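Data block below; observations after.
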There are 2 protein chains.
Amino acid sequence: MSPKFLRSLQSNRPDLPEAEKDPLYVQSLGRAMQVLSAFHQTDKPLTLQEIATISGVGRSAVQRMVFTLRAMGYVDRDPDDRGYVPGLRILDHTLDFQRLNPVVVKAAPVLLELRRMARERIDLSLWDDLRLVYASRLQSKREILSSTLIGHKVPLFCTSGGWAILAHLTDAEADALLTRSDRTQCTPKTITDIKQLKREIAKAREKGYAVAHEQILSGEIAMAAAILDANRRPVAAIHLAASLAEWSPEEFEKQFAPLIIQAARTVSRA
Amino acid sequence: MSPKFLRSLQSNRPDLPEAEKDPLYVQSLGRAMQVLSAFHQTDKPLTLQEIATISGVGRSAVQRMVFTLRAMGYVDRDPDDRGYVPGLRILDHTLDFQRLNPVVVKAAPVLLELRRMARERIDLSLWDDLRLVYASRLQSKREILSSTLIGHKVPLFCTSGGWAILAHLTDAEADALLTRSDRTQCTPKTITDIKQLKREIAKAREKGYAVAHEQILSGEIAMAAAILDANRRPVAAIHLAASLAEWSPEEFEKQFAPLIIQAARTVSRA
DNA sequence: CCATTAAGTATCGCATTGCAATACACTTGT
DNA sequence: ACAAGTGTATTGCAATGCGATACTTAATGG
């Protein structure tokens with residue numbers, strides 16, 4: 001019904017069977033999920049109207065779907081403010097993901113061990129096209145930021161994890177990803193120049209891990225190593241982040257590089 | 001199409017509008033989500049057949065839906081083992097929930113402050129009928145268990161959080177919930193006798209918080225206070241959990257009770 | 001206090017589209 | 001080589017989703 005959006009659903013999924021070519025092969029389920037996804041683009045409860053316009057689905061249809069979603073607990077009414085919000089039942093699927101995703105499962109004990117030894121913040125993020133999606137977080141002693149940001153996304157091009165992953169791709173692939181990226185600065189120090197980025201990636205390729213200085217958050221230094229699948233393709237990254245107030249870049253790197261390499265390798269092997 | 005399941009979707013949602021009465025008012029979206037929910041009942045990748053039988057949806061329909069869900073990223077193929085697993089895109093909705101749920105949002109800073117003062121594990125769980133669903137977790141110094149168990153569920157009847165919530169209901173309501181509960185022991189110390197449970201609830205009602213000794217996990221002591229909505233109805237609980245190796249029950253209670261009461265009250269007020 | 005706008009809800013009929021049935025391609029084990 | 005079990009593709013009928021429409025509250029404002 002909304003051809004552009006249907007097309008967009010299918011981009012960047014070259015591994016799908018042939019019928020993919022036909023946009024209409026995405027059934028009404030697509031519209032329904034698009035309704036649920038309307039919440040991605042807001043930070044306050046939504047009315048039916050708003051959901052309809054954001055998702056590009058007709059008002060009536062939205063009303064039916066929201067009704068159903070509400071009956072199932074995927075959508076709730078906001079008690080105070082008037083409008084709808086995502087419902088509790090969503091977390092059931094979150095748990096399914098965490099329990100069943102092979103990388104997350106295999107990484108869990110390794111991350112714990114890594115945190116035990118490093119005593120800094122450890123993250124696991126999964127690669128999704130131009131972004132990394134955080135799937136697990138082990139907090140360090142004092143957490144400053146939002147509690148548990150499972151599902152948070154960071155750009156591939158300006159994070160240690162992104163560099164670590166790009167380092168395991170061919171130059172052509174990495175290039176393509178970098179140029180497709182929306183390279184806007186996160187901090188004043190964020191590197192956006194492709195030449196410079198490629199230098200960082202080359203460094204990462206050589207060392208087996210990447211280090212990012214204040215690329216995404218001022219005052220933070222991060223290190224990451226990529227996790228590979230059975231075909232030696234990168235699928236995820238383990239991050240270790242610390243405060244520049246406590247570590248000099250040299251110490252930081254020297255201290256943790258062996259640990260993180262070891263951790264990533266442990267998770268990678270079949 | 002599967003009347004029994006459709007009915008079940010609508011139970012325990014008395015706040016829904018009238019058309020609820022008609023099971024068929026749950027459209028095919030219901031079937032689709034049931035397909036996604038098939039993963040709730042497994043701990044390994046599923047084949048189409050298995051999804052079909054678990055969800056009670058026809059093989060063909062499952063294939064179509066899984067195809068669509070895969071195109072959108074809600075389902076992935078397991079790389080090694082043959083079968084399907086929940087996909088990354090689910091985490092997008094997790095984040096939406098965390099960003100938009102009023103209780104989670106309002107509680108976040110309070111939880112951080114509470115952890116800063118208590119230096120023990122802090123959880124926020126939301127009440128969903130007979131269970132509590134964990135929505136946020138702040139880890140303590142050494143985490144033993146699974147990393148981030150957002151979405152994990154614990155029974156209402158045998159947790160400090162559950163007691164805290166039951167304490168804010170009428171006796172009749174609490175009774176109904178307790179009798180409906182599947183009261184099987186989690187640990188040898190888990191209380192299953194309704195009389196005893198009601199005593200615990202009465203204690204909680206009096207003190208304003210509940211304490212549970214090894215009810216769900218041996219060696220763990222937990223304390224919780226309920227979060228109320230605008231109508232003074234409980235909707236969530238803040239938990240504080242620690243090891244019995246480090247605390248005597250008396251010290252534990254004395255130390256943390258004022259903190260947790262204060263925290264819960266802060267989140268509760270409009 | 002009535003007019004007005006906007007939100008949520010419900011109804012209905014047509015044609016869209018989802019689904020059962022079916023067949024095929026591919027892998028695996030006997 | 002066959003059988004059993006995967007995933008995939010096609011097709012036609014009728015179930016059902018959706019647009020159009022109208023009703024009910026609730027909130028705003030003259």
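Worth saying up front: this structure is predicted, and the values here are computed from it rather than measured. We name chains A, B, ... by the order of the sequence lines, and we start the count at 1 in each one.
Taking every side-chain heavy atom of A:Met65 into account, D:dC18 is the closest of D:dT8, D:dC18, C:dT9. For A:Arg77, taking side-chain heavy atoms from C-beta onward, the closest of the listed nucleotides C:dG8, C:dC19, C:dT28 is C:dG8. Listed candidates were C:dC19, C:dT17, D:dG19. Nearest to the side chain of B:Arg31 is C:dC19.
Contact annotation: B:Arg64 side-chain N/O to D:dT10 OP1/OP2 distance is not under 4.0 Å.
Heavy-atom nearest nucleotides on DNA chain D were determined for A:Arg82 and for B:Tyr84, and the one closer to the 5' end corresponds to B:Tyr84.
Within the 4.5 Å cutoff, no side-chain heavy atoms of A:Val110 are placed close to those of A:Gln262.
Across residues 43-51 of chain B, B:Thr47, B:Leu48, B:Gln49 each have a non-hydrogen atom less than 4.0 Å from an atom of DNA chain D (numbered order).
A donor-acceptor pair under 3.5 Å is formed between the side chain of A:Asn101 and the backbone N or O of A:Val103. Counting only distance, with no hydrogens or angles, the side chain of B:Thr42 and the backbone of B:Ala38 share no donor-acceptor pair below 3.5 Å.
Under 3.5 Å, the side chain of B:Arg59 and the base of D:dT8 form at least one donor-acceptor pair of N or O atoms.
Per the geometry, CG belonging to B:Leu29 stands 14 Å off C1' belonging to C:dT17, to the nearest Å. Here the P atom of nucleotide D:dG5 and the CD atom of B:Gln63 are 19 Å apart, to the nearest Å. The nearest whole Å value for the distance from the CG atom in B:Asp78 to the C1' atom in D:dG7 is 15 Å. Counting to the nearest Å, the P atom of C:dG8 and the CG atom of A:Asp76 are 14 Å from each other.
Side-chain contact check for B:Thr170 and B:Glu173: at least one donor-acceptor pair (N or O, by modelled atom type) lies under 3.5 Å. In summary, the side chains of A:His40 and B:Asp96 do present a donor paired with an acceptor at a separation below 3.5 Å, with no hydrogens or angles considered.
Shown here is A:Arg205, whose CZ atom has more than 12 heavy atoms of other residues, nucleotides or ligands within 6.0 Å.
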